[in-house]
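Start at 1 and go down the list; that is how both ligands and their atoms are numbered.
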Amino acid sequence: MPTTRFAPSPTGLLHIGHAASALFAHAQAAPDGRFLLRLEDIDRTRCRPEFAVAIEEDLAWLGLDWIRPVRVQSAHVADYAAVLEGLRARGLVYPCFCTRSAAQAEAAGAVAAPHGLGPIYPGTCRHLSAAERADRIAAGIPHALRLDVAKAQAQTGPLTWRDLDRGTIAATPERLGDVVLARKDCPTSYHLSVTWDDALQGVDLVTRGEDLVEATHIHRLLQALLDLPVPAWRHHPLLLDAQGKRFAKRDKAPTLHAMRESGKSAAEIRASVGY
Ligand code: GLU
């Protein structure tokens, strides 16, 4: 009886790839488990309340139901900040003053772009002395906070995680480098908030697209550091369009809303993705 969740970011309308992902998560919880919906809206520059409303409308139209209340991450930013402060107090986090143009790997841990490996941060600011850090902070230079992955691993020792399709996997968070746990413009990150919330909400089977497999290595490390329960994972293949490209909001993939307007039924949409 697993607890699963669908955790979209309300940065646009849902498309058919989201429908497949939500139906997958829902099916994993059926018939006796719990299915949750979580809105991952910590990036206030990209998320919009009307998209959050539309997400619930689209999922209900598809015939899904979920346990309420819906957790809305932007309402819990102070909690994530407190978790991060705990890691900082243990010396596991350091300020990073690098700019994007310095070709750093903000993307690897940014809430805006959790997908894919992205460039690996070379650790430039990890080597700053305490005095250099203090000077820059006093000078008001904006900074992100990064996880010192090597230090973290030294505390946790080797870790594994279990994917129901892929088997037991040795965690290799170092492949993502020192990911960002708080961005310059946002006191948390995708990695931190998703890990915290899955534990808090009792999610014991994390389901999501296989584009996020790499992120799971970092989440496993964070779970060990924070002494959180360890779920199992399933990463579903991404739905591809006729050209073999994954559906993406930025490519203007046809939305569920548009499909509904054009007369498609929920049953047709479900059937088209195998449910
Ligand atoms: N919020 C993330 C996204 O929309 C998904 C997070 C997850 O399922 O772990 O890509």
Side-chain angles (χ1 to χ4, degrees), residues 2-29 34-48 51-52 54-56 58-59 64 66 70-77 80 107-118 161 163-165 173 176 179-181 183 186 188-223 228 230-239 246-251 253 255-256:
T3 297
T4 68
R5 75 341 184 242
F6 176 55
S9 298
T11 57
L13 293 172
L14 298 184
H15 55 64
I16 187 78
H18 294 113
S21 190
L23 288 161
F24 180 83
H26 185 264
Q28 300 305 305
R34 300 164 73 236
F35 172 64
L36 310 176
L37 171 65
R38 185 169 67 231
L39 294 171
E40 304 211 320
D41 63 342
I42 49 182
D43 186 344
R44 305 307 288 159
T45 59
R46 297 177 66 237
C47 295
R48 299 225 305 262
F51 291 137
I55 285 172
E56 295 206 45
D58 285 345
L59 295 177
L64 296 182
W66 52 91
V70 172
R71 184 165 171 91
V72 179
Q73 287 191 326
S74 57
H76 303 283
V77 168
Y80 309 128
V111 286
H115 309 278
L117 266 174
W161 53 276
D163 184 297
L164 297 190
D165 304 303
L176 269 83
V179 293
V180 170
L181 291 189
R183 292 195 332 189
C186 175
T188 183
S189 69
Y190 161 67
H191 295 305
L192 186 77
S193 49
V194 83
T195 305
W196 183 253
D197 282 353
D198 280 338
L200 189 79
Q201 296 190 282
V203 174
D204 54 10
L205 176 58
V206 174
T207 62
R208 56 181 171 219
E210 62 188 11
D211 54 331
L212 288 170
V213 167
E214 292 297 339
T216 299
H217 293 270
I218 286 289
H219 302 175
R220 181 67 192 90
L221 179 62
L222 288 171
Q223 283 155 2
L228 299 176
V230 184
W233 281 265
R234 281 198 81 179
H235 297 88
H236 60 77
L238 297 181
L239 203 66
R246 57 176 276 208
F247 287 94
K249 286 176 199 163
R250 61 179 170 276
D251 297 335
T255 63
L256 294 180

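Under the 4.0 angstrom criterion for non-hydrogen atoms, F6 is not in contact with ligand 1.
Across every non-hydrogen atom of L205 and P231, the tightest pair is N-CB, 4.3 Å.
Considering only residues two or more places apart in sequence or on other chains, D58 meets the salt bridge (Lys or Arg N to Asp or Glu O under 4.0 Å) condition with R260. Applying the side chain to side chain donor-acceptor pair (under 3.5 Å) rule to H26 yields no partners; only residues at least two apart in sequence or on another chain are considered.
Close approach of ligand 1 to V194 (heavy-atom distance below 4.0 Å) involves ligand atoms 9 (O). Residue R5 approaches ligand 1 through these ligand atoms, each under 4.0 Å from one of its heavy atoms: 7 (C), 8 (O), 9 (O). Interface atoms of ligand 1 facing Y190, defined by a heavy-atom separation under 4.0 Å, are 6 (C), 7 (C), 9 (O). Each of the following atoms of ligand 1 lies closer than 4.0 Å to a heavy atom of S9: 1 (N), 4 (O).
At distances below 3.5 Å, at least one donor-acceptor pair connects side-chain atoms of S9 with backbone N or O atoms of E40.
Looking at R38 and Q201, their side chains do bring a donor and an acceptor atom within 3.5 Å of each other.
On a distance-only criterion, A7 and ligand 1 share at least one N/O pair closer than 3.5 Å.
Ranked by closest heavy atom to atom 2 (C) of ligand 1, the top entry among R208, E40, Q73 is E40.
L181 has its side chain within reach of S189: a pair of non-hydrogen atoms, C-beta onward, lies under 4.5 Å apart.
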